[in-house]
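Structure first, then comments.
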2 protein chains.
Amino acid sequence: MAIPPSASSAAGSAAAPAPGAGATFSPLYQQIKRLLTRSLQEGEWKPGELIPSEIELAARYKVSQGTVRKAIDALAAENLLVRRQGRGTFVATHHEARAQFRFLRLVSENGAPVHPESRFLDCKRVRAPSDIARQLELKAGDAVVVVRRLLLIEERPTILDEIWLHGALFKGLTAERLAEYKGPMYGLFESEFGVRMIQATEKLRAVAADADTAHLLAVAPGAPLLSVERVSLTYGDRPVEVRRGLYVTFRHYYENELG
Amino acid sequence: MAIPPSASSAAGSAAAPAPGAGATFSPLYQQIKRLLTRSLQEGEWKPGELIPSEIELAARYKVSQGTVRKAIDALAAENLLVRRQGRGTFVATHHEARAQFRFLRLVSENGAPVHPESRFLDCKRVRAPSDIARQLELKAGDAVVVVRRLLLIEERPTILDEIWLHGALFKGLTAERLAEYKGPMYGLFESEFGVRMIQATEKLRAVAADADTAHLLAVAPGAPLLSVERVSLTYGDRPVEVRRGLYVTFRHYYENELG
DNA sequence: ACGCATTTGTTCGTATGTATT
DNA sequence: TAATACATACGAACAAATGCG
């Protein structure tokens with residue numbers, strides 16, 4: 001149910017602002033949105049699954065269909081839900097072509113999306129260095145999993161990734177499981193570890209390749225590389241992954257829409 | 001008025017799909033959205049101005065307030081309009097802090113937005129090279145204006161821009177007008193030339209500084225620079241600017257949100 | 001192949017709340 | 001305080017897409 005145990009018909013009077021308190025008010029549809037988000041987070045509806053219809057949800061929360069609709073609209077705009085007319089509303093998942101390209105912005109010279117092949121170099125549990133710990137909101141020395149991998153596009157090494165994962169959440173992750181898994185890495189995280197990436201921030205820089213990197217990426221030492229440092233967040237804006245990538249941008253570029 | 005001269009109450013029957021034709025149907029609110037966009041494009045309401053209230057627009061187009069609201073919501077989501085509760089709905093403008101940061105993604109090490117100072121190096125009318133012509137959808141040899149400028153952040157040269165503008169639209173643009181103008185460049189374009197940038201696509205790469213660039217940006221020749229090639233669009237997705245920037249990313253980075 | 005039930009999408013109308021002038 | 005404008009909420013009806021019998 002929504003907020004007031006009393007009136008459910010009186011629209012605006014639903015959540016009266018507490019006279020003394022500051023900013024405790026929130027519109028009904030945002031309260032519903034929060035309830036839906038919690039259900040998603042707790043796994044009541046899993047990625048790819050159908051959630052109850054608007055009418056059912058309206059009955060469950062004792063609000064109008066329109067209010068549920070607005071809450072769902074907001075979640076769909078954040079890519080947490082996907083609406084399909086005539087079929088229902090589904091929990092978004094990384095197991096679809098759509099979701100991939102939201103998190104991989106490198107495209108071919110002609111603008112075509114790329115389909116990289118993964119080669120895992122390394123996967124270890126270690127104690128978090130202080131900078132990683134800070135970004136993952138852990139204490140320095142807490143456990144993290146670090147994965148190194150090379151992405152090849154059309155047989156050519158193009159991206160060198162170093163991926164740091166929240167240790168407690170990714171217990172049991174090994175190089176074998178990564179190598180065996182068919183499909184996107186975030187799909188594995190979602191299905192096998194119940195951790196869904198829903199948002200990320202990237203910091204981009206141009207850097208010069210050091211000797212080791214140059215060797216792995218088959219470029220000259222000192223060659224310019226695009227450095228992409230990503231922090232990925234799950235529900236509740238909790239950071240769960242830090243990813244440092246070095247991209248060869250001779251035959252590809254990073255595409256970004258400003259709008 | 002919307003589409004059907006006949007019924008205005010019968011909701012869904014508004015635009016019946018022509019049986020033989022393909023995809024001529026569009027919901028009412030999208031038709032209204034298109035009409036609003038046309039009024040924006042034609043300058044009926046200028047950047048920064050207040051547009052008529054939802055109720056007035058509903059009367060004008062003979063639709064319900066809710067339908068107007070949905071059209072405005074869509075335009076606000078595309079940053080063409082800005083809603084302000086209690087005041088009205090305004091045409092978006094580049095003369096506000098908000099709009100700046102949508103088109104300048106470089107931020108300080110600590111994430112703070114930067115306030116660069118412009119130094120104009122050059123401004124000429126020339127015939128478009130073929131690659132620029134193609135990107136601006138002109139014929140090779142058509143007139144374009146090319147501007148070169150240096151952006152300094154905290155006294156240090158940080159961005160070298162080469163800006164190619166649609167010649168016919170920017171007739172009369174000179175280095176003096178650029179230098180005199182107080183405020184953002186896109187603000188000048190909007191106020192003085194009636195050209196509003198509403199969207200852009202950027203292609204990012206890492207490149208090595210050549211000798212001239214290195215000198216202007218005060219870095220070593222061969223230093224890694226972030227290359228940002230932007231194509232900016234105005235109403236109707238018409239390209240009107242190609243901008244090639246080289247960014248020094250030692251003390252700053254390009255920030256991007258994925259989500 | 002057809003029709004029916006279900007579900008989201010669109011549209012209208014109305015009332016009330018909140019913010020601004 | 002009053003008027004105006006956007007924001008929220010409810011209810012009702014029909015359209016369009018889908019899936020099933």
Side-chain angles (χ1 to χ4, degrees), chain A residues 1-4 7-19 22-34 49-59 61-77 81-91, chain B residues 1-4 6-19 22-34 49-77 81-91:
Chain A
M1 168 143 26
I3 276 288
S8 65
S9 66
S13 71
T24 52
F25 165 80
S26 126
L28 238 195
Y29 79 90
Q30 283 187 18
Q31 299 176 35
I32 304 302
K33 182 187 165 196
R34 208 165 303 124
E49 285 182 6
L50 182 67
I51 74 168
S53 75
E54 295 176 352
I55 293 177
E56 285 177 87
L57 290 171
Y61 297 123
K62 305 275 201 299
V63 299
S64 76
Q65 185 181 357
T67 299
V68 169
R69 163 166 289 272
K70 197 159 179 185
I72 291 178
D73 281 344
L75 291 171
L81 296 176
V82 178
R83 320 191 68 144
R84 292 194 220 282
Q85 184 176 166
R87 296 182 54 195
T89 300
F90 298 78
V91 182
Chain B
M1 165 141 29
I3 277 286
S6 53
S8 65
S9 67
S13 70
T24 53
F25 165 80
S26 120
L28 240 193
Y29 78 91
Q30 284 186 17
Q31 299 175 35
I32 304 302
K33 183 187 164 196
R34 208 166 302 124
E49 286 182 6
L50 183 66
I51 74 169
S53 75
E54 295 177 353
I55 293 177
E56 286 177 87
L57 290 171
R60 165 167 168 178
Y61 297 123
K62 305 274 200 300
V63 299
S64 76
Q65 185 183 356
T67 299
V68 169
R69 162 165 287 272
K70 201 162 175 182
I72 291 178
D73 281 345
L75 291 170
L81 296 176
V82 179
R83 320 191 69 143
R84 293 195 220 280
Q85 184 175 168
R87 296 183 53 193
T89 299
F90 297 80
V91 182

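We use all heavy atoms of the structure for the numbers below, so side chains are in, but hydrogens, waters and symmetry mates are not.
In this structure, B:Arg87 does not reach the D:dC6 phosphate: none of its side-chain N or O atoms is under 4.0 Å from OP1 or OP2. Phosphate proximity of D:dT8 to A:Lys70: present, with a side-chain N or O under 4.0 Å from OP1 or OP2. Here B:Arg83 reaches the OP1 or OP2 of D:dA7: one of its side-chain N or O atoms lies under 4.0 Å away. Between B:Arg69 and D:dA7 there is a side-chain polar atom (N or O) within less than 4.0 angstrom of OP1 or OP2. For A:Thr89, a side-chain nitrogen or oxygen approaches OP1 or OP2 of C:dT8 to under 4.0 Å.
Nucleic acid contact class of B:Gly88 (heavy atoms, under 4.0 Å, all strands): sugar-phosphate only.
Following rounding to the nearest Å, B:Gln85 (CD) and C:dT21 (P) show an atom-to-atom distance of 12 Å. Summarising the geometry, the separation between CG on A:Leu57 and C1' on C:dT7 is reported as 12 Å, rounded to the nearest angstrom. To the nearest angstrom, C1' of C:dT10 lies 14 Å from CG of B:Asp73. As rounded to whole Å, 11 Å separates atom P of C:dG13 from atom CD of B:Gln65. In this structure, B:Gln30 places its CD atom 14 Å from C1' of C:dT11, rounding to the nearest Å. Between the OH atom of A:Tyr29 and the P atom of D:dA9 there is a distance of 7 Å, given to the nearest Å. The distance between atom CG of B:Leu28 and atom C1' of C:dG9, rounded to the nearest whole Å, is 13 Å. Protein atom CD1 of A:Ile72 is 17 Å distant from nucleotide atom C1' of D:dT8, rounded to whole Å.
The listed nucleotides are D:dG11, C:dC12, C:dG17; the one nearest the side chain of A:Ser64 is D:dG11. Relative to the side chain of B:Ser53, the nucleotides C:dT7, D:dC10, D:dC6 differ in distance, and D:dC6 lies closest.
Between B:Val68 and B:Ile55 there is no side-chain heavy-atom pair separated by less than 4.5 Å. Annotation: side chain of B:Ile72 is not in contact with side chain of B:Ile32 (no heavy-atom distance under 4.5 Å).
Each of A:Thr67 and A:Gly86 was matched to the nucleotide of DNA chain D holding its nearest heavy atom; the match closer to the 5' end belongs to A:Thr67.
Between the side chain of B:Glu49 and the backbone N or O of B:Phe90 there is no donor-acceptor pair closer than 3.5 Å.
For B:Arg83, the salt bridge (Lys or Arg N to Asp or Glu O under 4.0 Å) partners are B:Glu54, B:Asp73, not counting sequence neighbours.
More than 12 heavy atoms of other residues, nucleotides or ligands lie within 6.0 Å of CG in B:Leu50, so this atom counts as buried by the packing criterion.
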